[in-house]
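The structure appears right after this line, and notes come after that.
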2 protein chains.
Amino acid sequence: MEISERKKKILTAVIDAYIATAEPVGSKLIAGLGDLDLSSATIRNEMAELTAMGYLEQPHTSAGRVPSPKGYRLYVNELMERQRLSMEEAEAINQSLNLKMQQLDKLMSDVGKLASSITQYPAVALAAPIAATISRFDLIYVDVNTFIAVAMLSNDTVHNKLIHLPFSVEQGMVQRLASVFNTNFVGISEDKITPSLINSAERACGDTMGLTSVVAAFAIDTLNKAKEGEAIVTGASHLLRQPEFRDPDKAHEILSYLSESEHLLGLPSADADDDIQVLIGPENVAKELKDSSVVIARYNAGDNMRGIIGVVGPTRMDYSGVAAKLRYIAAGLSKFLGMPEAPRGFEKLQIKEMTIDEHQEDDR
Amino acid sequence: MEISERKKKILTAVIDAYIATAEPVGSKLIAGLGDLDLSSATIRNEMAELTAMGYLEQPHTSAGRVPSPKGYRLYVNELMERQRLSMEEAEAINQSLNLKMQQLDKLMSDVGKLASSITQYPAVALAAPIAATISRFDLIYVDVNTFIAVAMLSNDTVHNKLIHLPFSVEQGMVQRLASVFNTNFVGISEDKITPSLINSAERACGDTMGLTSVVAAFAIDTLNKAKEGEAIVTGASHLLRQPEFRDPDKAHEILSYLSESEHLLGLPSADADDDIQVLIGPENVAKELKDSSVVIARYNAGDNMRGIIGVVGPTRMDYSGVAAKLRYIAAGLSKFLGMPEAPRGFEKLQIKEMTIDEHQEDDR
DNA sequence: ACTGGCACTCTCGCCTTCTGAGTGCTAATT
DNA sequence: AATTAGCACTCAGAAGGCGAGAGTGCCAGT
């Protein structure tokens with residue numbers, strides 16, 4: 001059956017009201033709004049049909065209507081109006097984006113904090129796993145049994161590790177080791193680092209003490225860490241304010257699900273190159289999220305990194321507002337992190353160029 | 001009034017029962033245990049006196065008794081028996097301690113996860129803030145407008161930062177800069193890095209482009225980060241399983257308190273050099289924790305670092321079990337991290353030496 | 001095609017009642 | 001003097017009953 005223009009209006013009104021109040025909405029309420037000039041009886045009929053069509057649901061025979069996932073889907077796809085942020089909100093986000101940029105994980109947790117405090121929902125920050133390679137390798141000789149291994153990856157992050165040895169080495173050996181690694185370990189992916197490669201490297205620099213394998217282990221670890229991706233959840237407590245999570249068991253279920261970051265890494269469905277992605281209730285694969293919705297935005301963090309910032313809430317979520325806020329944050333991050341000539345660390349430049357001045361992006 | 005031996009026994013029994021059931025305990029229950037050969041009437045009388053003395057409380061006139069904070073205090077101080085871990089528990093902890101050691105923050109979050117999964121309470125991991133100094137400084141020249149700054153701190157951690165420049169520098173300049181920093185910035189605390197010091201360094205290496213201040217900013221940031229300390233909360237969702245936090249408002253209050261890490265840094269009271277510290281209900285300064293208890297253990301992470309691992313729960317907490325578990329974890333960590341000759345990165349050695357074989361430490 | 005009206009349904013909040021665990025006290029027992 | 005048995009009393013919490021109110025569906029009238 002076709003869904004008439006009027007039905008759409010009514011559905012929108014119902015969803016808006018339900019999002020605002022969290023209570024089943026009745027025909028009278030909608031009529032009272034005055035948006036449509038119809039009596040409650042007419043609206044009742046329309047609502048009955050919307051229910052039959054699967055866009056609305058009835059908790060029990062004599063209660064108002066509640067949107068079904070299908071209804072929400074229609075709503076986010078074409079009904080809801082794209083919200084603009086208020087000046088204050090935009091300003092607040094800009095302020096926070098001016099935070100000094102740092103290590104990736106620190107960045108993620110800061111972004112998560114920002115998103116969750118702005119949206120008032122728990123936020124998850126993901127670093128999209130990317131198979132990186134080592135693009136540069138150094139060993140810094142500290143003293144006779146200590147050196148620092150430094151690996152710069154193709155995604156422009158740098159990792160290091162302090163290595164203490166239970167025996168002593170001469171500086172020459174450390175230098176030889178570094179140059180061997182720079183020749184043989186640069187530009188290859190983690191699975192290419194085989195025992196035989198390590199062995200030949202060992203021979204190449206005349207190492208008899210297993211030094212090579214220690215350094216190789218660091219290289220492997222580092223690459224693995226980059227590949228693994230990471231997930232951070234922030235502001236989990238916001239969830240408890242939502243009426244649908246007042247039941248401690250429900251809250252517990254979802255919170256403990258969120259706290260196992262492994263789950264989250266599979267979150268973003270592979271395709272979807274949209275700016276914003278919404279997963280409503282049962283659209284989530286994880287059964288723990290069947291009653292919840294997730295809104296996801298992507299951003300580019302530097303040349304070879306993509307980050308994802310998402311928000312979790314009840315299906316009755318302020319999709320429009322959350323989407324607008326996330327979109328704005330993601331755009332700001334992309335702009336900030338993508339800037340080639342205003343690098344992290346150059347605070348003076350940053351502050352000047354950081355402000356995102358277009359208040360909203362083009363429409364779809 | 002003196003507290004008789006018998007009263008202590010009864011108090012212990014009441015607290016043990018209350019910890020197990022979370023329900024007010026009555027005289028009959030205690031009598032039924034058979035530990036003391038007394039009738040319920042006698043126990044009733046004793047309990048009445050214990051109440052008068054302030055060790056027990058009565059939720060309402062005709063209910064069982066509940067331990068007061070004062071009661072718990074006596075309990076943890078002298079009544080509770082020092083629990084031994086079961087072999088399985090000890091083994092589980094040993095297993096997890098074998099985790100590959102990594103960056104400090106990663107370590108903290110891993111330790112937190114371990115503690116919270118073992119104790120089934122939310123855990124907080126704190127890095128005790130320590131004023132560190134730079135002990136070594138390097139700059140790695142990558143290309144004409146990129147280099148990596150590496151600072152090794154007195155607490156044996158290494159920090160780095162990739163610095164992109166909006167202009168180009170020659171390698172010689174970078175080398176000069178590094179040696180100037182190694183001469184002037186090593187061994188001094190953060191507040192000694194003044195603008196005038198930076199200025200003279202700038203002159204010393206003939207830098208006209210503000211390079212020096214960028215590198216100095218990195219140095220300051222790094223030192224600040226070390227000084228600040230850090231707090232990570234893990235396993236917050238466990239809290240929701242405790243009956244005393246079934247009220248979502250209470251749960252929300254405490255969870256949002258915990259999520260603001262700044263609060264937590266002040267947690268451990270300065271003194272107390274005990275291995276384990278217990279803060280019961282109102283003994284906590286923060287009003288959000290007035291109904292909760294905190295158990296804290298300290299461990300030594302390397303030469304100049306101390307870490308703290310704590311657990312938060314209701315006042316009705318399994319103090320004995322939690323203390324034993326934390327003590328064991330902390331001892332394991334101290335042993336593991338303190339080992340001078342089995343360094344991080346030397347997996348082969350680690351695995352062999354890591355197992356903590358004394359199953360329990362000496363008594364106090 | 002819409003609306004007013006009406007009978008009907010069902011949840012929720014409120015009140016009452018009832019039950020049972022637990023107490024405090026007294027008198028009997030050791 | 002200490003312990004115990006017995007008993008009357010208290011009170012929170014569960015169970016049941018009741019009414020109000022919000023909402024529905026449907027029909028007849030505009």
Side-chain angles (χ1 to χ4, degrees), chain A residues 1-11 13-15 17-18 20-68 71 243-244 246-247, chain B residues 1-11 13-15 17-18 20-68 71 243-244 246-247:
Chain A
M1 200 214 274
E2 263 316 304
I3 181 164
S4 72
E5 212 47 47
R6 194 171 72 178
K7 280 200 179 58
K8 287 185 184 171
K9 275 202 184 133
I10 294 179
L11 181 57
V14 170
I15 295 185
Y18 186 64
T21 64
E23 312 241 306
V25 348
S27 52
K28 217 164 167 182
L29 186 91
I30 302 293
L33 272 118
D35 285 355
L36 322 144
D37 235 2
L38 295 172
S39 77
S40 71
T42 313
I43 302 206
R44 249 198 313 283
N45 288 329
E46 293 282 50
M47 277 166 69
E49 286 180 41
L50 280 167
T51 309
M53 294 162 75
Y55 293 105
L56 293 178
E57 282 168 358
Q58 228 170 347
H60 50 266
T61 346
S62 133
R65 300 306 210 286
V66 157
S68 72
E244 26 273 281
R246 291 199 72 80
D247 173 9
Chain B
M1 198 215 274
E2 263 315 304
I3 181 165
S4 72
E5 212 47 45
R6 193 170 72 178
K7 280 202 180 53
K8 286 184 184 171
K9 278 202 184 132
I10 294 180
L11 180 57
V14 170
I15 296 185
Y18 186 64
T21 64
E23 312 242 304
V25 351
S27 54
K28 219 167 168 179
L29 186 90
I30 302 293
L33 260 61
D35 285 356
L36 322 145
D37 234 3
L38 296 171
S39 78
S40 70
T42 314
I43 302 203
R44 248 198 315 282
N45 288 329
E46 293 283 50
M47 277 166 69
E49 285 179 41
L50 280 167
T51 309
M53 293 160 77
Y55 293 105
L56 293 177
E57 283 170 355
Q58 228 169 348
H60 50 265
T61 345
S62 131
R65 300 305 212 285
V66 157
S68 72
E244 25 274 281
R246 292 200 70 83
D247 173 9

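Throughout, protein chains are lettered first and strands after them, A, B, ... in sequence-line order, and every chain is numbered starting at 1. We use all heavy atoms of the structure for the numbers below, so side chains are in, but hydrogens, waters and symmetry mates are not.
Counting any heavy atom pair closer than 4.0 Å across all strands shown, B:Ser40 reaches no nucleic acid atom. The residue A:Ala41 sits close to a base: some heavy atom pair falls under 4.0 Å. When heavy atoms are screened at a 4.0 angstrom cut-off, A:Thr61 is found touching the sugar-phosphate backbone but no base atom.
For the pair B:Ile3 and B:Tyr55, the minimum side-chain heavy-atom distance is below 4.5 Å. Contact of the B:Arg6 side chain with the B:Thr42 side chain is registered, since non-hydrogen atoms from C-beta on lie closer than 4.5 Å.
One donor-acceptor pair, N or O on each side, does fall under 3.5 Å between the base of C:dT9 and the side chain of A:Ser62.
In plain terms, the two heavy atoms of B:Ser27 and B:Ser40 that are nearest each other are CB-O, 3.6 Å.
If you take NZ of A:Lys7 and P of C:dC2, they are 10 Å apart, rounded to a whole angstrom. As rounded to whole Å, 18 Å separates atom P of D:dG21 from atom CG of A:Leu29. Rounded to an integer number of Å, the gap from A:Glu23 CD to D:dA22 P is 12 Å. With rounding to whole Å, B:Ile10 atom CD1 is found 12 Å from D:dT3 atom C1'. A straight line from CD1 of B:Ile43 to C1' of D:dT4 spans 12 Å, rounded to a whole angstrom. Atom CG in A:Leu56 sits roughly 10 Å away from atom P in D:dT24 (whole-Å rounding). Separating the CD atom of A:Gln58 from the C1' atom of D:dA22 is a distance of 13 Å, rounded to the nearest angstrom. Look at CD on A:Glu57: it is 17 Å from C1' on D:dT24, rounded to the nearest Å.
Test A:Gln58, A:Arg65, A:Glu46 against A:Thr51 for side-chain hydrogen bond (donor to acceptor under 3.5 Å, both in side chains) and you get one pass: A:Arg65.
Put simply, A:Arg6 has a side-chain N or O that comes within less than 4.0 Å of OP1 or OP2 on C:dC2.
Of the possible polar contacts, one joining the A:Ser68 side chain to the A:Gly54 backbone as a donor-acceptor pair under 3.5 Å is found.
In the set D:dG25, D:dT3, C:dT3, the nucleotide with an atom closest to the side chain of B:Thr42 is D:dT3. When distances run from any side-chain atom of B:Leu38 to the nucleotides D:dT4, D:dT24, D:dC11, the shortest one goes to D:dT4. Comparing D:dT3, D:dA22, C:dG24 against the side chain of B:Arg44 picks out C:dG24 as the nearest. Relative to the side chain of A:Ser39, the nucleotides D:dG25, C:dT3, D:dT4 differ in distance, and C:dT3 lies closest.
In terms of position along DNA chain C, the nucleotide closest to B:Gly64 lies nearer the 5' end than the nucleotide closest to the other residue of the pair B:Asn45 and B:Gly64.
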